[in-house]
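Here the structure is laid out as structure tokens; the discussion comes afterwards.
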Amino acid sequence: MLFHISALTVVGLVVFLIYYFRARLLPLVRPVLARLEPLARPVLRHLPAPLLERLTDYTPLRTFSFADQAAAGMSSSAFDLEANNGEGSGEGRMGLDDAGVDEVRRIMAVERCTFDQARLIRHNRILAKNGIAPDGTPLDRKAVTRL
């Protein structure tokens, strides 16, 4: 019985160490996985998409255009996507930043506010994270603001 508990403890410790040091171990394992990929392709083809995304580094590219994002409610009179970034404007980007759009949507859902208010809340959070007050002055007491 003591042997089984010891063996289980060692296995648990090894699993914990692999998980803890996964960022350092992953670059060492990638070349081996690259060589095994042709053998694993037939198996990976039959896995569900969410599991496949977690097992591989593949993330499908979401290409929302400005028109799609404006239709989804990510536009207002103060932030008009169609007028500023629509077709013919010469804008090279495909759309707004996906992470920013997701954060604004979350703020709109949680705070129950409009698009412009959610953008302001997000902007103030970014400023606060960088040590800047909502009015643009630094929060650091030692900062020189006047000469």
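Sorted by first and then second residue, the ring pair (Phe, Tyr, Trp, His ring centres under 6.0 Å) pairs with a member in residues 19-38 read Phe16-Tyr20; sequence neighbours excluded.
Taking Leu120 as the reference, Asn124 meet the side chain to side chain contact (heavy atoms under 4.5 Å, CB included) condition, with sequence neighbours excluded. Listed by chain and number, the residues in a side-chain hydrogen bond (donor to acceptor under 3.5 Å, both in side chains) with Arg125 amount to none (sequence neighbours excluded). Partners of Thr137 by side chain to side chain contact (heavy atoms under 4.5 Å, CB included), not counting sequence neighbours, listed by chain and number: Ala133, Asp135. Among residues two or more places apart in sequence or in another chain, the side chain to side chain contact (heavy atoms under 4.5 Å, CB included) test is passed with Gln117 by Cys113, Thr114.
Residues Val101 and Ile107 do not share a hydrophobic cluster, defined by chaining ILVMFWY side chains whose heavy atoms lie under 4.5 Å apart.
The structure places CD1 of Ile121 at 13.0 Å from CZ of Arg106, a figure rounded to the nearest 0.5 Å.
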Going by atom type alone, with no hydrogens or angles, which donor-acceptor pairs under 3.5 Å involve a side-chain atom of residues 1-13 and a protein atom two or more places apart or on another chain?
{"unit_1": "Ser6", "atom_1": "OG", "unit_2": "Leu2", "atom_2": "O", "d": "2.9"}
{"unit_1": "Thr9", "atom_1": "OG1", "unit_2": "Ile5", "atom_2": "O", "d": "2.7"}

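By the 4.5 Å heavy-atom criterion applied to side chains, Arg119 and Arg122 are not counted as neighbours.
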